[in-house]
Participant: 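Can you keep this structure in mind? I'll have questions shortly.
Letters A, B, ... are given to chains in the order of the sequence lines, protein chains preceding strands, and every chain is numbered from 1. Reckoned from all heavy atoms, side chains included, excluding hydrogens, waters and symmetry mates.
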Number of protein chains: 2
Amino acid sequence: MVTMSDKRVYLYDSTLRDGAQTQGVDFGPADKVAITRALDALGIDYVEGGWPGANPTDDAFFAAPPETKFTHLTAFGMTRRASHGVDNDPGLNQLLSAKVRHVCMVGKTWDFHVDVALGIAHAENIAMIGDSVAYGAAKVDEILFDAEHFFDGYKANPEFALACIVKAYESGARWVVLCDTNGGTLPHEISAIVGEVAQKIPGAHLGIHAHNDTGNAIANSLAAVRAGVRQVQGTLNGLGERCGNANLISIIPTLVLKMGYRTGVTEQSMRRLTHVSRLLDERLNRAPDKRAPYVGESAFAHKGGLHVSAVEKDPRSYEHIDPELVGNHRQIVVSDQAGRSNILARFREIGIEVDPKDGKLAELIDTVKGNEFDGYAYDGAEASFEILARRILGSVPDYFHCTSFRVIDERRWNARGELITLSEATVKVAIGKRKAMAVAEGNGPVNALDAALRKVLMPIYPDLEDLRLVDYKVRILTPGDATAAVTRVMIESSDSTGRSWGTVGVSANVIDASYDALRDSIIYKLFSNGVASGHA
Amino acid sequence: MVTMSDKRVYLYDSTLRDGAQTQGVDFGPADKVAITRALDALGIDYVEGGWPGANPTDDAFFAAPPETKFTHLTAFGMTRRASHGVDNDPGLNQLLSAKVRHVCMVGKTWDFHVDVALGIAHAENIAMIGDSVAYGAAKVDEILFDAEHFFDGYKANPEFALACIVKAYESGARWVVLCDTNGGTLPHEISAIVGEVAQKIPGAHLGIHAHNDTGNAIANSLAAVRAGVRQVQGTLNGLGERCGNANLISIIPTLVLKMGYRTGVTEQSMRRLTHVSRLLDERLNRAPDKRAPYVGESAFAHKGGLHVSAVEKDPRSYEHIDPELVGNHRQIVVSDQAGRSNILARFREIGIEVDPKDGKLAELIDTVKGNEFDGYAYDGAEASFEILARRILGSVPDYFHCTSFRVIDERRWNARGELITLSEATVKVAIGKRKAMAVAEGNGPVNALDAALRKVLMPIYPDLEDLRLVDYKVRILTPGDATAAVTRVMIESSDSTGRSWGTVGVSANVIDASYDALRDSIIYKLFSNGVASGHA
């Protein structure tokens, strides 16, 4: 058993390999490089870049791997196949010819798999592990042995499972990683089994690789560390097939901030954790999980009125850590449970000073509750909330009125059978006494409307020059009504200053909803730039 | 310490109270009744319906609570306030006048909160607990005492925290529930602290209430049960503020199938687990979490080619339980990692027999990979996949061609300043030599297109009469391009037989994408009804 005085835990990220098994996930070459750089900057000890030979993307990655300052780039593959010598096993030699100095080899340790999936003798399975590890250890700096199905294997046949990993260790594997491949093992079983394994192999050479099929991947990883292992394998945001792998984003702050272990992640780089988590979602074009531990948008959100007032007295009263430590921040939620305390706190957040006795405050609270009842959501659309608030408090200039717009979307097949699509929008606006109209095309109705709206306003409001839409989300609020459902559009905009803001629109008509969100975004941009009304 | 021979664990659901604290969640009266009935049928011992006095919805619920066969409906509220006697504390008496026989009272057990939030003497806090519990125990069948912040309180001042809960127990509380209110406590701490508490209060009278701020809410609940508690509080799908509460949907099968405990959930009702989880999401109008342990759509999905062939040999090789036990099912994912084995397995699933040597198979695999590269996703759109496959294999009749459609969407403000919106769609189709056109209005462009398409086809294909769209989802695949992004539309349809099917469309133009998904849905309906082509 390793002495607990050694508190350095090594982190191994498999987002680019095991994570790529997730339904709907595929990384392009640029994704792999960007994610590797982010993991390197965060301080992850090992990054598993993929499986040489599995697909062209992985081959390209290992043919010219990105430079890393801190991280050991690692290639993943299998031990030699039965009936092949290590020299003439194509897979093994392709793996060892990857341009990296660290290699992770997976082998079987569950007798059931050896019997059913491989159908070979137990002794041959052990020989495959020993030969491959020894062969690899002579060629690269470090071999890690991934003991597939180890915990199921240990429960079924501990002698065989142990014989497999002891062979890997004695053949020169720097690390023996115990995998709960099917994800069905529970924390108390992990503690017991790792404790027994640590009698044979020092914890300083043991790792844990957990899956989340019972929702215990994080707890299983922590239990293994407490039982002595010193490497934790996982993925960003718990990416991975089925229910996912152990989520390193959750495990890192718990190990460092709550359990007193050391990792390659410094106090400074820990503050990048929220950013790294969001970066992965951006790469995957999916909405971040608001409820993610530590880094979720809601992780430090306070909704109930009682909580809010207590948190304002002393954050410790309802927060388990300081959100800044992981680069996250506290959020006071505007909700239809909102009491005055929430709304006022939210105002302080966006820097509006309101006299709590101001009668307009009640009007605002009613308006917010009414809008949220209609399907508006202001968390994620702070700009729409601020515009709404400032308008009721009477401080937003009257920039423009849209008197009408029309969108035409046409699709036909020409004589040669080619699809011809046309999206065209016409917008008429009034700016004080001035009237203006513009027409524009786009590759879709909303895109055309966006183009026409800028076109008609830009001459009067040149500040709109650098306004950019960076995200556009559509959500159907009453799926029961199918295409007749109410639609909520959320738009994220930014400008050359690099700041970004969210706006929201709701309507039974996706184009109406989009227009409302576009309008709020434009007004927010003009207002925050201090632009005056363009009335003639 | 309770003897471990007592393996009955009581389940307490707080979806309707603590779950209602989730950002963006609000239950209407109908939701509360529907969810209560589902929990009753599942076999949940206690259902916390809400907080009498907190809002009109909760008041209405407790004024006329739904009948339950198995479940004890429970009302939640606070112990008496300082400086109030129990008789003249309005909140306490409103709580005890709810039309239920079981009441859960929350009180403080962390000296820091008593000092900072309440600012009262420790002795007064203990008296508030004792008076309120004794007063309530005389009026209803059961009092549960919710020990807020118990674990933080125990770490800070164990004597005081213990004194609070022992007072509740001695004053007649049937259950003392230990709450990790801030969610920062780790499993090994839960084990140790519960072990100590169980020296003072028998585990048969102890409960656990965990939050997921470190991703350990499930493990914390299991650790507490192993340390002796016999009530587990949680919510459906882990609903709850910040990172959520302990997820009962994950905890129940682990307790029953893996740890040998008994609950009110029978082997039969356990098969409703997936349904109950999806029901909540339907009520909340949100997409179910595909990666949810046990019940997620991906929980038993197999993507990698190796896995698929092994699973087909013996499911135990990559599945930790039989998905049927929780009402879920195995899924073979069609993906761009798909090898022949996946595609063939997927065919068997939908009952298509293909000769593996059929040259068309390669064409199909290439088409699927190409489409997925373009943004199509066939998991969730099995009908589009089947149509695609059958068309390539040459078995889909040529039902109709859309030669053109046009959608006009207009918005203007009339003389009285009222908003006038018009959405109108014109569709032209060719059915063999026949030509037909129709025009229809809708409350949005897609709705109008849907109406026009049915209108033009219904005379020729009366089978479309009972086709219904039940869900419509829009996803932006390249948010970086904002409104110019590629849009993926997923439609779920059903008919009078009650079956439902998913279709998908992808385009830079949301209306094009919607059209493609609508068309596939119509063709699937006609094909599966065995309708012949309507060519004249």
Participant: Go through B:G215, B:S250, B:P253, B:A217 and name the one with the most non-hydrogen pairs under 4.5 angstrom from chain A.
Facilitator: B:G215
Participant: Rounded to the nearest 0.5 Å, what separates atom CG in A:D314 from atom NE2 in B:H113?
Facilitator: 8.0 Å
Participant: What are the two closest heavy atoms between A:P187 and B:A219, and how far apart are they?
Facilitator: CG-CB, 4.4 Å
Participant: Relative to chain B, which of A:L422, A:D152, A:V510, A:T403 shows the most heavy atom pairs under 4.5 Å?
Facilitator: A:T403
Participant: According to the interplanar angle, ranging from 0 to 90°, do the rings of A:Y318 and B:H149 count as parallel (below 30°), tilted (30 to 60°) or perpendicular (above 60°)?
Facilitator: tilted
Participant: Checking heavy atoms, do the side chain of A:D213, its backbone, both or neither come under 4.5 Å from chain B?
Facilitator: both
Participant: Run B:W413 and A:C402 through side chain to side chain contact (heavy atoms under 4.5 Å, CB included) and show every step you take.
Facilitator: CA-CA 9 Å; B:W413 285 262; A:C402 180; 4.1 Å; yes
Participant: Taking A:K258 for its side chain and B:G184 for its backbone only, find out whether a donor-acceptor pair lies under 3.5 Å.
Facilitator: yes
Participant: Between CG of B:L186 and CG of A:L255, what distance do you get to the nearest 0.5 Å?
Facilitator: 9.5 Å
Participant: Against chain B, work out which of A:T214, A:I321, A:D180 has the most heavy-atom pairs shorter than 4.5 Å and name it.
Facilitator: A:T214
Participant: In terms of heavy-atom pairs under 4.5 Å with chain B, which of A:F112, A:Y294, A:Y515 leads?
Facilitator: A:F112
Participant: Could you grab the distance from atom OG of B:S298 to atom CZ of A:R242, nearest 0.5 Å is fine?
Facilitator: 10.5 Å
Participant: For the candidates B:S514, B:S423, B:P445, which exhibits the highest count of non-hydrogen atom pairs separated by less than 4.5 Å from chain A?
Facilitator: B:P445
Participant: Looking at B:M259, B:R316, B:E319, which one has more heavy-atom pairs under 4.5 Å with chain A than the rest?
Facilitator: B:R316
Participant: Could you pull out the closest heavy-atom pair between B:R291 and A:N237, with the gap in Å?
Facilitator: NH1-O, 3.9 Å
Participant: Please confirm whether the backbone N or O of A:S507 pairs with a side-chain atom of B:N443, one donor and one acceptor, at under 3.5 Å?
Facilitator: no
Participant: Between atom CG of A:N216 and atom CG of B:L222, what is the distance when rounded to the nearest 0.5 Å?
Facilitator: 5.5 Å
Participant: Which atoms of A:I251 come close to chain B, meaning under 4.5 Å heavy atom to heavy atom: side chain ones, backbone ones, both, or neither?
Facilitator: neither
Participant: Taking B:H320 for its side chain and A:T185 for its backbone only, find out whether a donor-acceptor pair lies under 3.5 Å.
Facilitator: no
Participant: Under a 4.5 Å heavy-atom cutoff, which of A:S493, A:A513, A:G238, A:A54 has the most pairs with chain B?
Facilitator: A:G238
Participant: Report the distance from atom CD1 of B:I218 to atom CG of A:N212, rounding to the nearest 0.5 Å.
Facilitator: 7.0 Å
Participant: Dump the intermediate steps for side chain to side chain contact (heavy atoms under 4.5 Å, CB included) on B:R406 and A:I408, then the final yes or no.
Facilitator: CA-CA 7 Å; B:R406 181 178 66 246; A:I408 297 177; 4.1 Å; yes
Participant: Of all of B:T254, B:L419, B:L449, which one pairs up most often with chain A through heavy atoms under 4.5 Å apart?
Facilitator: B:T254
Participant: Using salt bridge (Lys or Arg N to Asp or Glu O under 4.0 Å), reason through B:D516 and A:R411 one step at a time and then give a plain yes or no.
Facilitator: CA-CA 12 Å; B:D516 290 344; A:R411 172 178 181 152; 3.2 Å; yes
Participant: Is there a donor-acceptor contact under 3.5 Å linking the side chains of A:N509 and B:D409?
Facilitator: yes
Participant: Can you tell me how far OG of A:S404 sits from CD of B:E410, rounded to the nearest 0.5 angstrom?
Facilitator: 7.0 Å
Participant: Measuring heavy-atom distances to chain B, does A:A299 have an atom under 4.5 Å in its side chain, in its backbone, in both, or in neither?
Facilitator: both
Participant: Distance under 6.0 Å and angle within 45° of the ring axis: does A:R412 meet both against B:F405?
Facilitator: no
Participant: Mind listing the closest non-hydrogen atom pair of B:D512 and A:T421 along with its distance?
Facilitator: OD2-CG2, 3.2 Å
